[in-house]
Amino acid sequence: QVQLVESGGGLVQVGGSLRLSCTASGSIFRINSMAWYRRAPGKQRDLVARITRGDSTYYVDSVKGRFTISRDNAKNTVYLQMNSLKPEDTAVYYCNTYNPRSDLWGQGTQVTVSS
């Protein structure tokens, strides 16, 4: 059973923008803090940003000021707005609960930033 879907990745030039979307089942969305993760080539999967049910946000230092995480409760969707993209942002991006569930990891969405 697919319980969340990610979309919005693509190929962009340095300095460009993308908005990623992740729609989860209602039961997952209403219970959990949600997060975006990414895995760059040759690296492990790392946390990028997190948003709680109370809209408290957290970002890793490398994306602060450039990325914004938000959620739309009516749509059961969490977003990641990515601006001023850099080549080092190239990765597969995944969403999951903040305490990630193994059964929710999917194929992710590829973001490629070219220079």
Side-chain angles (χ1 to χ4, degrees):
Q1 178 65 49
V2 177
Q3 299 184 82
L4 60 82
V5 291
E6 302 136 317
S7 62
L11 173 63
V12 297
Q13 295 278 356
V14 170
S17 297
L18 287 170
R19 188 178 74 158
L20 308 183
S21 299
C22 173
T23 300
S25 70
S27 60
I28 291 172
F29 196 86
R30 68 173 176 264
I31 292 172
N32 297 280
S33 296
M34 300 297 294
W36 285 96
Y37 303 81
R38 67 186 180 186
R39 184 169 61 201
K43 298 183 179 180
Q44 69 179 40
R45 182 187 280 126
D46 291 324
L47 177 70
V48 178
R50 177 265 293 161
I51 185 166
T52 70
R53 292 186 295 167
D55 290 337
S56 177
T57 58
Y58 166 83
Y59 305 90
V60 295
D61 287 344
S62 60
V63 308
K64 283 182 179 177
R66 301 189 298 119
F67 291 11
T68 302
I69 188 170
S70 61
R71 63 195 295 159
D72 185 332
N73 294 335
K75 296 181 179 180
N76 294 335
T77 299
V78 60
Y79 303 97
L80 187 67
Q81 177 67 46
M82 306 185 295
N83 298 325
S84 302
L85 284 162
K86 304 175 179 179
E88 55 262 42
D89 296 318
T90 295
V92 178
Y93 285 71
Y94 306 84
C95 73
N96 209 317
T97 53
Y98 178 59
N99 298 118
R101 286 172 44 172
S102 61
D103 62 308
L104 294 182
W105 294 120
Q107 64 181 357
T109 185
Q110 175 72 51
V111 171
T112 302
V113 185
S114 64
S115 60

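Here the structure is a predicted model, which is why all the values come from computation and not from measurement. When a residue number appears, it is its place in the shown sequence, counting from 1.
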Discussion item. Going by the rule side-chain contact (heavy atoms from CB on, under 4.5 Å), which residues pair with Asp55 if we only count those two or more places apart in sequence or in a different chain?
Written reply: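 Per chain and number, Asp55 pairs via side-chain contact (heavy atoms from CB on, under 4.5 Å) with Ile51, Arg71.
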Worksheet item: Residues two or more places apart in sequence or in another chain: which of them pass side-chain contact (heavy atoms from CB on, under 4.5 Å) with Gln110?
Response: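 For Gln110, the residues satisfying side-chain contact (heavy atoms from CB on, under 4.5 Å) (neighbours in sequence not counted) are Thr90, Val92, Thr112.
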Worksheet item: Just by distance, with hydrogens left out, do Thr23 and Thr77 show a side-chain donor and acceptor under 3.5 Å apart?
Response: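 A donor-acceptor contact under 3.5 Å links the two side chains.
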Discussion item. If you count every heavy atom of other residues, nucleotides or ligands that lies below 6.0 Å from Glu88 atom CD, does the total exceed 12?
Written reply: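 Yes, the 6.0 Å shell around CD holds more than 12 heavy atoms from other groups.
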Close side-chain approach of [X] to [Y], heavy-atom, < 4.5 Å:
X      : Y     : result
Asp89  : Arg38 : yes
Leu104 : Ile28 : yes
Arg50  : Ser56 : yes

Which atom names give the shortest non-hydrogen contact between [X] and [Y], and what distance separates them?
X      : Y     : value
Tyr79  : Asp72 : CE1-CB, 4.0 Å
Ser115 : Pro87 : CB-CG, 4.1 Å
Trp36  : Leu20 : CH2-CB, 3.6 Å

Fill in: Intermediate values then yes/no, side-chain contact (heavy atoms from CB on, under 4.5 Å), Thr97 and Met34
CA-CA 4 Å; Thr97 53; Met34 300 297 294; 4.1 Å; yes
Worksheet item: Is a donor on one side and an acceptor on the other found under 3.5 Å between the side chain of Glu6 and the backbone of Gly108?
Response: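 Here the side-chain-to-backbone pair exists.
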Discussion item. Taking side chain to side chain contact (heavy atoms under 4.5 Å, CB included) as the criterion, tell me which of Leu11, Val12, Leu85 meets it with Ser114.
Written reply: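 With Ser114 as partner, side chain to side chain contact (heavy atoms under 4.5 Å, CB included) holds for just one option, Leu11.
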Item to complete: Any chance you could lay out the side-chain contact (heavy atoms from CB on, under 4.5 Å) test for Ile69 and Tyr59, step after step, and finish with the verdict?
Response: CA-CA 8 Å; Ile69 188 170; Tyr59 305 90; 3.5 Å; yes
Practice prompt. Only counting residues at least two apart or in another chain, list the ones meeting salt bridge (Lys or Arg N to Asp or Glu O under 4.0 Å) with Arg39.
Written response: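 Once residues adjacent in sequence are excluded, Arg39 has no partner under the salt bridge (Lys or Arg N to Asp or Glu O under 4.0 Å) criterion.
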Discussion item. Count I, L, V, M, F, W, Y as connected when their side-chain heavy atoms are under 4.5 Å apart, and connections chain through other members. Are Val5 and Trp105 then in the same cluster?
Written reply: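 Different hydrophobic clusters.
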Worksheet item: Any ion pair linking Asp61 and Lys64 (charged N to carboxylate O, less than 4.0 Å)?
Response: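 A salt bridge links Lys64 with Asp61.
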Discussion item. Parallel, tilted or perpendicular, judged at 30° and 60°: which one describes the rings of Tyr93 and Phe67?
Written reply: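 Tyr93 and Phe67: tilted rings.
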Worksheet entry | Where at least one partner belongs to residues 102-115, residue pairs that pass salt bridge (charged side-chain N to carboxylate O under 4.0 Å, His left out), sequence neighbours excluded |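 Output for this query lists Arg101-Asp103.
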Worksheet item: Roughly how far apart are Arg30 CZ and Asn73 CG, rounded to 0.5 Å?
Response: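 These two atoms lie 11.5 Å from each other.
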Worksheet entry | Asn32 CG to Asn99 CG distance, which is reported to the nearest 0.5 Å |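 It is 8.0 Å, given to the nearest 0.5 Å.
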Worksheet item: Which residue pairs pass the disulfide (SG to SG under 2.5 Å) test with at least one member in residues 48-84, sequence neighbours excluded?
Response: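 For residues 48-84: none.
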Item to complete: Mind jotting down which residue pairs meet the disulfide (SG to SG under 2.5 Å) criterion with at least one end in residues 19-113? Sequence neighbours excluded, please.
Response: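 Residue pairs passing disulfide (SG to SG under 2.5 Å), neighbours aside: Cys22-Cys95.
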Discussion item. Would Ser17 and Asn83 count as a side-chain contact (heavy atoms from CB on, under 4.5 Å) here? Give the steps.
Written reply: CA-CA 4 Å; Ser17 297; Asn83 298 325; 2.9 Å; yes
